[in-house]
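This one's a predicted model, so the numbers in the text were calculated from it and none came from an experiment. No hydrogens, no waters, no symmetry mates; every other heavy atom, side chains included, goes into these values. Chain A is the first sequence line, chain B the second, and so forth, proteins listed ahead of strands; every chain is numbered from 1.
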2 protein chains.
Amino acid sequence: MNYRNTKQRQAILDAIEGHGGHLTAEEIYQVVKLGQPRLSLGTVYRNLRVLAEQGSVRELDFGMAITYFETIKDAHYHLVCRVCGGISDMETDLEQKLMALVEHTSGIDGFQVEQHRLDFVGVCRSCQSKPVEAGGQARALKAR
Amino acid sequence: MNYRNTKQRQAILDAIEGHGGHLTAEEIYQVVKLGQPRLSLGTVYRNLRVLAEQGSVRELDFGMAITYFETIKDAHYHLVCRVCGGISDMETDLEQKLMALVEHTSGIDGFQVEQHRLDFVGVCRSCQSKPVEAGGQARALKAR
DNA sequence: TTCCCTGCAAACACTTTGCAGGATC
DNA sequence: GATCCTGCAAAGTGTTTGCAGGGAA
């Protein structure tokens with residue numbers, strides 16, 4: 001596959017980078033569409049797949065029926081709020097500690113680890129101070 | 001909600017437990033259908049949601065467009081093969097090590113961690129010995 | 001008897017794909 | 001000029017839901 005450098009593809013990548021990550025395909029579509037009104041959602045999906053194959057972008061899936069996309073910078077982990085659905089990065093020294101575990105894991109059953117992901121799900125600070133959610137927990141995430 | 005104990009619900013739970021975990025809704029449907037030919041897929045989904053609310057079952061999502069279900073036994077982590085899509089559990093002393101990290105994380109930004117997930121993606125032993133995949137990597141997972 | 005549950009089928013939401021014209025290398 | 005790419009619209013796929021009848025407590 002000989003990839004070409006189209007306006008659309010570049011704009012999509014810019015949108016994700018500009019935003020700092022954690023965008024859905026639909027959100028990317030809305031952003032890029034401002035500059036290119038004739039953009040189609042199909043093009044966004046096709047390019048996201050290409051960008052992922054090229055390694056420019058990473059797919060994230062938190063089990064919320066929607067895939068998020070972010071650019072691949074340094075490794076980091078996610079804090080996912082189950083109330084508001086907010087996603088923030090956690091960039092700490094965890095990486096090092098994780099590496100030890102990864103190496104340990106590589107030995108198990110001959111499994112060859114290529115990548116790993118560690119996500120924490122819970123409640124972010126701002127949602128903790130909200131009025132008690134009346135039984136409607138996780139709806140922000142799972143409402144379909 | 002006052003849950004009832006129906007044949008279907010029990011059979012679905014049995015199916016997951018019997019299998020050892022990591023079943024898709026469709027697979028569960030096929031298994032339970034053997035004993036209850038009139039079972040509907042909608043019932044499977046509804047019950048999986050109920051069982052998850054009750055805490056009997058846990059949803060797993062590896063970013064593969066499909067949700068897997070497993071019973072909640074002890075905590076464990078997953079080894080996901082990107083070639084064959086196989087999922088195996090890793091039950092080691094990792095839990096302890098992880099806990100330290102989790103506690104550390106709980107302090108960050110006031111984020112209250114409720115659960116975490118750690119998945120390793122790579123190539124399992126049997127796929128490593130297969131003939132080189134001619135460019136078609138990850139298709140077992142991502143083929144849509 | 002109450003209310004949860006089921007099967008069925010239609011509806012959904014996100015994502016993919018066929019096609020014909022257009023852009024890039 | 002050969003390919004890759006785009007917009008459009010239709011089709012897919014996994015999952016959810018409305019309804020009317022059935023079963024558990």
Hydrophobic cluster identity match, Val31(B) and Tyr29(B), side-chain contacts under 4.5 Å: no

For a quick test of reading the model: is some side-chain N or O of Thr43(A) closer than 4.0 Å to OP1 or OP2 of dG7(D)? yes

I'd like to check Phe69(A) versus Leu23(A) (side-chain heavy atoms, cut-off strictly below 4.5 Å). Are they in contact? no

note: Ile28(A), atom CD1; dC14(C), atom P; distance rounded to Å ~ 14 Å

So Arg38(B), base contact, sugar-phosphate only, or nothing? Heavy-atom distance under 4.0 Å. sugar-phosphate

Apply side chain to side chain contact (heavy atoms under 4.5 Å, CB included) to Val32(B) and Gln8(B), showing your working. CA-CA 8 Å; Val32(B) 177; Gln8(B) 289 88 340; 6.0 Å; no

Need to verify one output field. Residue with the more 5' nearest nucleotide on DNA chain D, Val50(A) or Gly42(A)? Val50(A)

Just call it for Gln8(B): base, sugar-phosphate, or nothing, with non-hydrogen atoms closer than 4.0 Å on any strand. sugar-phosphate

Nearest whole angstrom, please: distance from the P of dG23(D) to the CD of Gln36(B). 12 Å

I need the CD1-P distance between Ile12(B) and dT15(D), as an integer number of Å. 14 Å

Here the gap from Gln54(A) atom CD to Asn47(A) atom CG, rounded to the nearest 0.5 Å, amounts to 9.0 Å

If I take atom CG in residue Asn47(B) and atom P in nucleotide dT17(D), what distance separates them, rounded to the nearest angstrom? 15 Å

Could you tell me how far apart Glu27(B) (CD) and dT15(D) (P) are, to the nearest whole angstrom? 11 Å

Does OP1 or OP2 of dC5(D) have a side-chain N or O of Arg46(A) closer than 4.0 Å? no

Under 4.0 angstrom between Thr6(A) side-chain N/O and dT6(D) OP1 or OP2: yes

Short side-chain N/O contact to dC5(D) OP1/OP2 from Asn5(A), under 4.0 Å: no

Tyr45(A) has an atom OH; how far is it from atom C1' of dA10(D), in whole Å? 16 Å

Beyond-backbone contact of Tyr3(B) with Arg9(B), side-chain heavy atoms, under 4.5 angstrom: yes

First encountered from the 5' end of DNA chain C, between Arg4(B) and Leu39(B): Arg4(B)

Interatomic distance where CD belongs to Glu26(B) and P belongs to dT15(D) [whole Å]: 9 Å

Between C1' of dC25(C) and CZ of Arg9(A), the distance in whole Å: 13 Å

